[in-house]
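Remarks on the structure that follows.
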Amino acid sequence: MNAEGLVEVVLPGKVEPEGLEIRHGAVPAAGPGQVVIRMEATGVSFAEQQMRRGRYYDQPAFPFVPGYDLVGTILTTGDGVEPALAGTRVAALVKVGGWASHVLVDAADVVPVPDGIGAAEAETVVVNGITAWQMLHRKARVRAGQTILVHGANGGVGSVLVQLAQAADVKVIGTASARHHDALRERGVIPVDYRTEDVAARVRELAPAGVDAVFDHVGGRSAVDSWHLLTPGGTLVSYGSASTRDDEGSKQWPVLKLLGRVWLWNALPNRRRAYFFNVWAGRALAKNRFRAQLRADLTQVFGALQRGDVTAQIAAQLPLTRVADALRLAESGTVAGKVVLNP
C-alpha cells in the first residue's frame with residue numbers, strides 16, 4: 001500500500017484565512033469508476049474567497065475541503081477504469097475538494113494534460129480557461145473582426161479571455177486599474193481605467209456603434225451599463241457579482257436579481273442577448289454532454305497554451321500548508337495571474 005498520507009485543507013465555517021485547518025489522514029481508495037489523483041497544483045479562485053465568507057451561492061455545508069480545480073497525476077484506478085491511466089497527468093474541475101494532496105475524482109471527469117505543459121501552468125487555465133472559452137465561443141460566439149469589452153481584463157478569467165479573443169482576431173477593450181494598463185497595451189488591449197474614467201462614455205468613444213459582446217463579472221450597476229453598450233445583435237455574458245463580495249445578507253439575492261434582469265432583457269424585442277454564465281449549468285440535466293463539452297473545451301485551451309496563444313500567469317506558488325498566505329495574497333488584488341498551491 002502507499003506509504004504517503006493525505007494532507008487536506010478544511011474550511012470549518014465563516015473564518016478569516018488564518019482559520020483554515022490542515023488535516024491529515026489516509027489516502028482514499030478509488031471506488032468503481034473513480035481515480036485517485038496525486039495533486040501537483042491547485043489554485044485559489046474567486047469561488048473560495050466567497051466560500052470562506054459563506055457567500056458562494058451553492059457551497060456545501062461547513063466543514064468541507066475547498067479547491068475548485070486541480071492538476072495532478074493519477075495514482076490509482078478503481079474497477080471499470082483503464083489501469084493504464086495510472087501515471088498520466090490530468091486536470092479536473094471539482095468545485096470543492098481540490099485543496100488536498102490526494103483527490104478522489106470520477107474517471108469520466110478528468111481531462112488529459114498534454115506533454116510539455118507544467119502542472120502549475122496547466123492549473124492557471126483550468127477553471128479560468130474553461131470559463132473564458134465557453135463564454136467566448138459557446139455563448140457570445142465571437143467572430144474575427146468583432147470588438148468586445150472585457151471587464152477586469154487583468155483578472156484570472158479576464159486575462160485568459162483577452163488572449164483567446166486575440167487568437168480569434170477579435171479587438172479587445174479591457175477595464176483594469178491603471179497599474180495594469182502597460183501590460184494590457186503590450187497584449188494589444190485598449191485599456192480603460194474603471195476607477196477614474198467613465199467606462200461607458202469611453203467605450204462609446206472607442207466603439208460608437210456599440211460592442212459585439214461584453215463580459216462582466218461585476219454585476220449590479222455594471223451589468224446594466226454593459227447591456228446598454230451592446231450593438232444590435234450583441235451579447236452580454238454576465239458571470240458573477242463581484243461587486244457584492246463583501247455584502248452581508250442573502251447570497252442568492254444578487255444572482256437572482258441579475259437573472260431577473262437577464263430574463264427581462266431577453267424578453268425585450270431588441271435583438272440583443274444576455275446570458276448569466278455558470279460553468280456548471282447543464283451538468284445535472286445532461287452529465288455526459290457536459291463532460292464532453294468540458295473535455296473538448298479544456299483541450300482547446302491546453303492547445304492554445306501549447307501554441308503560446310495563451311501565457312500561463314502564475315502570480316505565486318505556495319505549499320498547501322501556507323494556504324492562509326495564499327488566500328490573503330489572492331484577495332489583496334495586488335497580483336496578476338493565479339495563486340497556485342502545491343502539495
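All residue numbers in this chain count up from 1 along the given sequence. Every value quoted in this text rests on a predicted model; they were computed, and no experiment measured them.
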Practice task
Examine distances only and state if a side-chain atom of R295 and a backbone atom of V110 form a donor-acceptor pair shorter than 3.5 Å.
Solution key: yes

Practice task
For residues L11 and L20, determine if any side-chain heavy atom of one lies less than 4.5 Å from a side-chain heavy atom of the other.
Solution key: yes

Handout entry: Parallel, tilted or perpendicular: ring planes of F64 versus F62, cut at 30 and 60 degrees
Key = parallel

Problem - Nearest non-hydrogen partners of V211 and I173, listed with the distance - result: CG1-CD1, 4.3 Å

Practice task
Determine whether V310 and V340 fall in the same hydrophobic cluster, where Ile, Leu, Val, Met, Phe, Trp and Tyr are linked whenever their side-chain heavy atoms lie under 4.5 Å apart.
Solution key: no

Exercise for the section: List the steps, then state whether side-chain contact (heavy atoms from CB on, under 4.5 Å) holds for D115 with R89. Expected result: CA-CA 9 Å; D115 291 341; R89 179 175 278 165; over 6 Å; no

Practice task
State whether the side chain of T175 and the backbone N or O of G152 hold a donor-acceptor pair below 3.5 Å, judged by distance alone.
Solution key: yes

Exercise for the section: List the steps, then state whether side-chain contact (heavy atoms from CB on, under 4.5 Å) holds for E331 with R52. Expected result: CA-CA 12 Å; E331 292 189 18; R52 79 164 182 83; 2.8 Å; yes

Problem - Side chains of Y275 and S238 in contact at under 4.5 Å (non-hydrogen atoms) - result: no

Practice task
State whether the number of non-hydrogen atoms from other residues, nucleotides or ligands found under 6.0 Å of W263 atom CH2 is greater than 12.
Solution key: no

Exercise for the section: Answer yes or no: is there a donor N or O on one side and an acceptor on the other, between the side chain of D225 and the main chain of A200, under 3.5 Å? Expected result: no

Exercise for the section: List the steps, then state whether salt bridge (charged side-chain N to carboxylate O under 4.0 Å, His left out) holds for D325 with R328. Expected result: CA-CA 5 Å; D325 295 333; R328 283 256 176 251; over 6 Å; no

Practice task
Flag the pair R187 / T311 as yes when at least one side-chain heavy-atom distance between them is below 4.5 Å, and no otherwise.
Solution key: yes

Practice task
Could you tell me which non-hydrogen atom of Y239 sits nearest to which non-hydrogen atom of F215, and how far apart they are?
Solution key: CE2-C, 4.1 Å

Problem - Hphob cluster co-occupancy, V214 + L268, side-chain heavy atoms under 4.5 angstrom - result: yes

Handout entry: Whether Q50 side chain and A47 backbone form a donor-acceptor pair below 3.5 Å
Key = no

Problem - Interatomic distance, L320 atom CG to L341 atom CG [nearest 0.5 angstrom] - result: 6.0 Å

Problem - Note, W99 side chain near V44 side chain (heavy atom, < 4.5 Å) - result: yes

Completion exercise
Rounded to the nearest 0.5 angstrom, the CG-CG distance for D69 and L298 is 9.0 Å

Exercise for the section: Apply the side-chain contact (heavy atoms from CB on, under 4.5 Å) test between N342 and each candidate in Q317, R322, E123; give the one that qualifies. Expected result: Q317

Exercise for the section: Kindly say whether D193 contributes a backbone atom to a donor-acceptor pair with the side chain of R202 at under 3.5 angstrom? Expected result: no

Exercise for the section: Would you give the length of the straight line joining atom CD1 of I74 to atom CD of Q34, rounded to the nearest 0.5 angstrom? Expected result: 12.0 Å

Exercise for the section: Compare all side-chain heavy atoms of T147 with those of L206 and state whether any distance is below 4.5 angstrom. Expected result: no

Exercise for the section: Output the distance between atom CG (L230) and atom CZ (R271), rounded to the nearest 0.5 Å. Expected result: 12.0 Å

Problem - Verify same cluster id: I314, V113 (apolar side-chain graph, 4.5 Å) - result: no

Problem - W265 (side chain) donor-acceptor with G260 (main chain) under 3.5 angstrom - result: no

Practice task
Spell out, yes or no, whether F302 and L161 are grouped together once hydrophobic residues are joined by side-chain heavy atoms under 4.5 Å, including indirect joins.
Solution key: yes

Problem - Flag if over 12 foreign heavy atoms under 6.0 Å of CZ, R289 - result: no

Handout entry: Which atom of V170 lies closest to which atom of R143, heavy atoms considered
Key = CG2-O, 3.4 Å

Handout entry: Neighbour count above 12 (heavy atom, 6.0 Å) for R141 CZ
Key = no

Problem - Polar side-chain atom of Q300 near backbone of A296 as donor-acceptor pair, under 3.5 Å - result: no

Completion exercise
Note: V90 and P112 closest approach over all heavy atoms is CG1-CA, 4.2 Å

Exercise for the section: Test side-chain contact (heavy atoms from CB on, under 4.5 Å) on L285 and F290 and set out the steps. Expected result: CA-CA 9 Å; L285 295 170; F290 173 86; over 6 Å; no

Practice task
Determine whether R291 and D109 make a side-chain contact, defined as any pair of heavy atoms from C-beta on separated by less than 4.5 Å.
Solution key: yes

Practice task
Please assess Q59 against V96 for the test side-chain contact (heavy atoms from CB on, under 4.5 Å), listing each intermediate value before the final yes or no.
Solution key: CA-CA 8 Å; Q59 67 190 73; V96 293; 5.9 Å; no

Problem - Euclidean distance, L136 CG relative to T131 OG1, rounded to 0.5 Å - result: 12.0 Å

Problem - From CD (E186) to CG (L184), nearest 0.5 Å - result: 9.5 Å

Practice task
Flag this pair as yes if the NZ/CZ of R272 is under 6.0 angstrom from the six-membered ring centre of W227 and inside a 45 degree cone about the axis; otherwise no.
Solution key: yes

Handout entry: Short side-chain to backbone donor-acceptor contact, D297 and I130, under 3.5 Å
Key = no

Handout entry: Side chain to side chain, Q313 and T124, heavy atoms closer than 4.5 Å
Key = no

Problem - Check: T73/E40 side-chain N/O donor and acceptor closer than 3.5 Å - result: yes

Practice task
Could you check if a side-chain atom of T77 sits within less than 4.5 angstrom of a side-chain atom of V35, using non-hydrogen atoms only?
Solution key: yes

Handout entry: Heavy-atom closest pair, residues L329 and A316
Key = CD2-CB, 3.6 Å

Exercise for the section: Locate the shortest heavy-atom distance separating V27 from E4; write the atom from each residue and the value. Expected result: CG2-O, 3.2 Å

